[in-house]
2 protein chains.
Amino acid sequence: MSENKHSGNLSPEFALLGFLISGQSHGYDLHQKFTTELGHVWHLSQSQAYAILKRLETRGDISAHIVEQEKLPARQMLRITAQGRKRFFEWLELGIGTNARSIRLEFLTRLFFAQLHRPESISQIYKSQTDEIKSSIVKLETLVEHLPPEQIYNRLSLDLRLQQLRLIQNWMAEIRTQFHISRI
Amino acid sequence: MSENKHSGNLSPEFALLGFLISGQSHGYDLHQKFTTELGHVWHLSQSQAYAILKRLETRGDISAHIVEQEKLPARQMLRITAQGRKRFFEWLELGIGTNARSIRLEFLTRLFFAQLHRPESISQIYKSQTDEIKSSIVKLETLVEHLPPEQIYNRLSLDLRLQQLRLIQNWMAEIRTQFHISRI
DNA sequence: CATATATACTCATTGGGTGAGTATATAGCC
DNA sequence: GGCTATATACTCACCCAATGAGTATATATG
C-alpha cells in the first residue's frame, strides 16, 4: 500500500558497490567520492558508509585486506567480488522504485553508474523506469477513483502523490533529451 | 544537507498520541484507527504501532494498565499523560518538515489533528508550513546557482526537489481554499 | 465442519542513521 | 616556536524504523 515499505534496495549500498567496479578502494575514499559525486542526490554519513561496507563484506559482495601505511592509520583495501559484481549489475538493470523519493535517489544513481559502466543499456533502464511510473500512476488513479469521499486526508495524500509522479514524468522527459536517450 | 537526516519528529508517534487525546484506547484499536483515517498518508504496520507505543510508555508520554477480558486476550489500556499531551501540542504547532515526503506525511497529519483538537490554530500551522517551504525553496535556489556545472547528477537532483517544492506550494494553496484557511 | 476473519499482542532480526571518539600528519598562521 | 585547522582513516555505542512471523482465542460464513 504505502511507500514506507522498504524494498531492501533503496540504499546507497549499490552506489558503494558501483564505485568499486572501477577498481579497489577503501572506506574513506569511497565516502569522499560518494559525497562529491552524489552528495546532493542523497546523503551518506561516514559512519553509515563504513557500516554498509561492513555489511557488504559479511555478505560476500566485497572482500577486504589490510594495507599497513608507514605513518597514517592502516587501510582496509576493498575489492568487489564476483558475487558483488553480479548483484550490482542486477540492481542496475532490474531495480526500480515507485515513489517520488526513491525515483529521484535510485534512478539518478542508476543513471550515473550506467553512464560509467553500461552506457549501452541506458535506454532500457530509462524505459523500465518510465514504464514503472506509468503503471503506478494508473494504480493510484483507480485508487483515488474508488476512495470513499469522506476520506479527505487520504485523498489529499494520494492527489499529491499523483501530481508528484506526473511531475517526475516531465522531469524524466527532460533527462531523455539531455542525455540523448533513444526511445525503444 | 540532505533529507535523510531524520529530525526525530518524522514518525507516526504523534499521530498515535493524537488519537489518545480523544480518550483512552489500546494498541489494536489505535492501529485500526490510524489505518482507516491516515492509511494512505503513511503506512504503519501493526508491530510498528506496538513498538512505538512501547517507546511512548517508557518515555512517560502514555501510561498503560491491563484490562482483563472474559474471553479475548487482555488489553493494555493506554492513556495519554500530561507530558504526552504537552509534547503532542508542541509538535502540532511547532513541528515542521522541509522535504516533499515529510510535508505530505507530517503536514497532513498535523492538519488532521488540528481540525480535531485545535481548529483555532490551523491558520498558524498552515502559515508556518508555507513559510518553511518558501525559505527552503530560496535555499535550494541559491544552492543550484552556485553548483559547479559539471555536477550534473547533483543538479538534476536539486532541480527535481525544487520543482517538487513548487508543486507542493500549489497543492497547499488548494488546501487553503478547501479548508477555508484565512491568511495571516 | 472447516475455513476465514477479527481480536489482541509479542518477538527476533535487519537495516538506517547519528554523533562522538581515536589517532596521526601536514599545512598555515601569528 | 607553538597554535589551530584540516585531512586521513576508521571504530563504537546507541536509537529508531520496519518487516514478518508467531501465539492464542472467538465468531461468522459457507
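Below, all heavy atoms of this structure are taken into account, side chains as well, without hydrogens, waters or symmetry copies.
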Side chain of [X] only, please: which of [options] is the nearest?
X: Arg59(B); options: dG16(C), dC16(D), dT11(D); value: dC16(D)
X: Arg75(A); options: dT7(C), dA17(D), dA9(D); value: dA9(D)
X: Gln46(B); options: dG16(C), dC10(D), dA8(C); value: dA8(C)
X: Gln32(B); options: dT19(D), dT10(C), dT7(C); value: dT7(C)

Item to check | salt bridge (charged side-chain N to carboxylate O under 4.0 Å, His left out) pairs, two or more places apart, involving residues 17-40 of chain A | outcome: Asp29(A)-Lys33(A)
Roughly, in whole Å, what's the span from [atom1] in [X] to [atom2] in [N]?
X: Tyr50(A); N: dG19(C); atom1: OH; atom2: P; result: 18 Å
X: Trp42(B); N: dA17(D); atom1: CH2; atom2: C1'; result: 12 Å
X: Gln48(B); N: dT10(C); atom1: CD; atom2: P; result: 15 Å
X: His65(B); N: dA8(C); atom1: NE2; atom2: C1'; result: 16 Å
X: Glu13(A); N: dT14(C); atom1: CD; atom2: P; result: 14 Å
X: Phe34(B); N: dA18(D); atom1: CZ; atom2: C1'; result: 13 Å
X: Leu16(B); N: dA18(D); atom1: CG; atom2: P; result: 13 Å
X: Leu105(A); N: dG17(C); atom1: CG; atom2: P; result: 9 Å

Checklist entry - Got a second to check how far Leu108(B)'s CG is from Gln129(B)'s CD, nearest 0.5 Å? => result 9.5 Å
Checklist entry - Does the dC9(C) base have a donor-acceptor partner in the side chain of Gln76(B) within less than 3.5 Å? => result no
Item to check | No-H, no-angle donor-acceptor pair, Ser47(B) side chain to dG20(D) base, under 3.5 Å | outcome: yes
Checklist entry - Going by side-chain heavy atoms closer than 4.5 Å, which hydrophobic residues are tied to Tyr50(A), directly or by a chain of links? => result Tyr28(A)
Item to check | Side-chain hydrophobic cluster, 4.5 Å single linkage: members besides Met77(B) | outcome: Val67(B)
Item to check | Sorted by number, the residues of residues 24-31 of chain A with heavy-atom contact under 4.0 Å to DNA chain D | outcome: His26(A), Gly27(A), Tyr28(A)
Checklist entry - So does Ser45(B) get a side-chain nitrogen or oxygen closer than 4.0 Å to the phosphate oxygens (OP1/OP2) of dA18(D)? => result no
Next on the checklist: For Ile52(B) and Lys54(A), find the nucleotide of DNA chain D closest to each by heavy atoms; which residue's nucleotide sits nearer the 5' end?
Outcome noted: Lys54(A)
Would you give me the side-chain donor-acceptor pairs under 3.5 Å for residues 163-179 of chain B, sequence neighbours excluded?
{"from": "Arg166(B)", "atom 1": "NH2", "to": "Glu141(B)", "atom 2": "OE2", "distance (Å)": "2.9"}
{"from": "Trp171(B)", "atom 1": "NE1", "to": "Leu156(A)", "atom 2": "O", "distance (Å)": "3.2"}
{"from": "Thr177(B)", "atom 1": "OG1", "to": "Glu174(B)", "atom 2": "O", "distance (Å)": "2.8"}

Checklist entry - Taking the six-membered ring of Phe14(A), is the NZ or CZ of Arg87(A) close enough (under 6.0 Å from the centre) and on axis enough (within 45°)? => result no
Checklist entry - Is there any side chain to side chain donor-acceptor pair (under 3.5 Å) pair reaching into residues 142-159 of chain B, and which pairs are they, with sequence neighbours excluded? => result Arg104(A)-Ser157(B), Gln151(B)-Asn154(B)
